[in-house]
Amino acid sequence: MNRMIMAAILAAVMLLLAFYKMGMGFETNDDRCIIEMLAGTITQVPDAHVQVVNYLLAVPLMWLYRITWQIPWYGICLILFQNG
């Protein structure tokens, strides 16, 4: 159990160090458009019908953006799905 905790701490430290040194950004403008559609900044109404994300996956993100748009929910999901 101690080895798992140490591995998780080490992974978190390495992730934070990489974020501090390199920053974070999107590779294409599609991600920015997806965020704006989910948050409703383009249409003034949040919409889950986005380009490359399944509707059933986009609906919870849309709900989270309705709660607060100041948290980067889409970016957090990208990190979790890639590293999870």
Side-chain angles (χ1 to χ4, degrees):
M1 189 63 160
N2 287 337
R3 294 179 101 186
M4 288 186 70
I5 293 171
M6 288 301 291
I9 291 171
L10 181 61
V13 167
M14 290 177 68
L15 185 64
L16 290 173
L17 181 65
F19 175 72
Y20 176 73
K21 289 289 187 183
M22 293 183 279
M24 189 178 300
F26 297 121
E27 290 186 23
T28 65
N29 61 350
D30 291 347
D31 295 314
R32 189 76 214 153
C33 292
I34 290 170
I35 291 170
E36 290 177 358
M37 288 179 70
L38 289 170
T41 56
I42 294 175
T43 60
Q44 305 304 322
V45 178
D47 188 12
H49 295 93
V50 294
Q51 298 139 320
V52 294
V53 179
N54 186 323
Y55 182 77
L56 296 176
L57 295 174
V59 168
L61 285 172
M62 181 190 67
W63 290 336
L64 290 171
Y65 275 110
R66 281 185 179 181
I67 294 170
T68 178
W69 55 269
Q70 289 130 344
I71 298 174
W73 298 112
Y74 181 72
I76 291 170
C77 284
L78 287 179
I79 291 171
L80 290 176
F81 291 152
Q82 178 137 8
N83 297 324

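For the salt bridge (charged side-chain N to carboxylate O under 4.0 Å, His left out) condition, the pairs that include at least one residue of residues 34-60, sequence neighbours left out, are R32-E36. Within the structure, ring pair (Phe, Tyr, Trp, His ring centres under 6.0 Å) pairs that include any residue of residues 3-23 do not occur (at least two apart or interchain).
L56 meets the side chain to side chain contact (heavy atoms under 4.5 Å, CB included) test with N54; sequence neighbours excluded. Residues that satisfy the side-chain hydrogen bond (donor to acceptor under 3.5 Å, both in side chains) test with T68, not counting sequence neighbours, are Q70.
The shortest distance between side-chain heavy atoms of T43 and M37 does not fall below 4.5 Å.
Under the 4.5 Å side-chain heavy-atom criterion for Ile, Leu, Val, Met, Phe, Trp and Tyr, I42 and V52 are members of the same hydrophobic cluster. Cluster membership check: L80 shares its hydrophobic cluster with L57, using side-chain heavy-atom separations under 4.5 Å among Ile, Leu, Val, Met, Phe, Trp and Tyr. Cluster membership check: I5 shares its hydrophobic cluster with V13, using side-chain heavy-atom separations under 4.5 Å among Ile, Leu, Val, Met, Phe, Trp and Tyr. Linking ILVMFWY side-chain heavy atoms closer than 4.5 Å, directly or via other members, places I35 and Y55 in a single hydrophobic cluster.
Cluster note: L10 groups with M14 through ILVMFWY side-chain heavy atoms spaced under 4.5 Å, whether in direct contact or through intervening members.
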With a 3.5 Å cut-off and sequence neighbours excluded, list the donor-acceptor pairs that the side chains of residues 58-66 form with protein atoms.
unit_1	atom_1	unit_2	atom_2	d
Y65	OH	W73	N	3.3
Y65	OH	Y74	N	3.1

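Nearest heavy atoms, A39 versus P46: O-CG, 3.9 Å.
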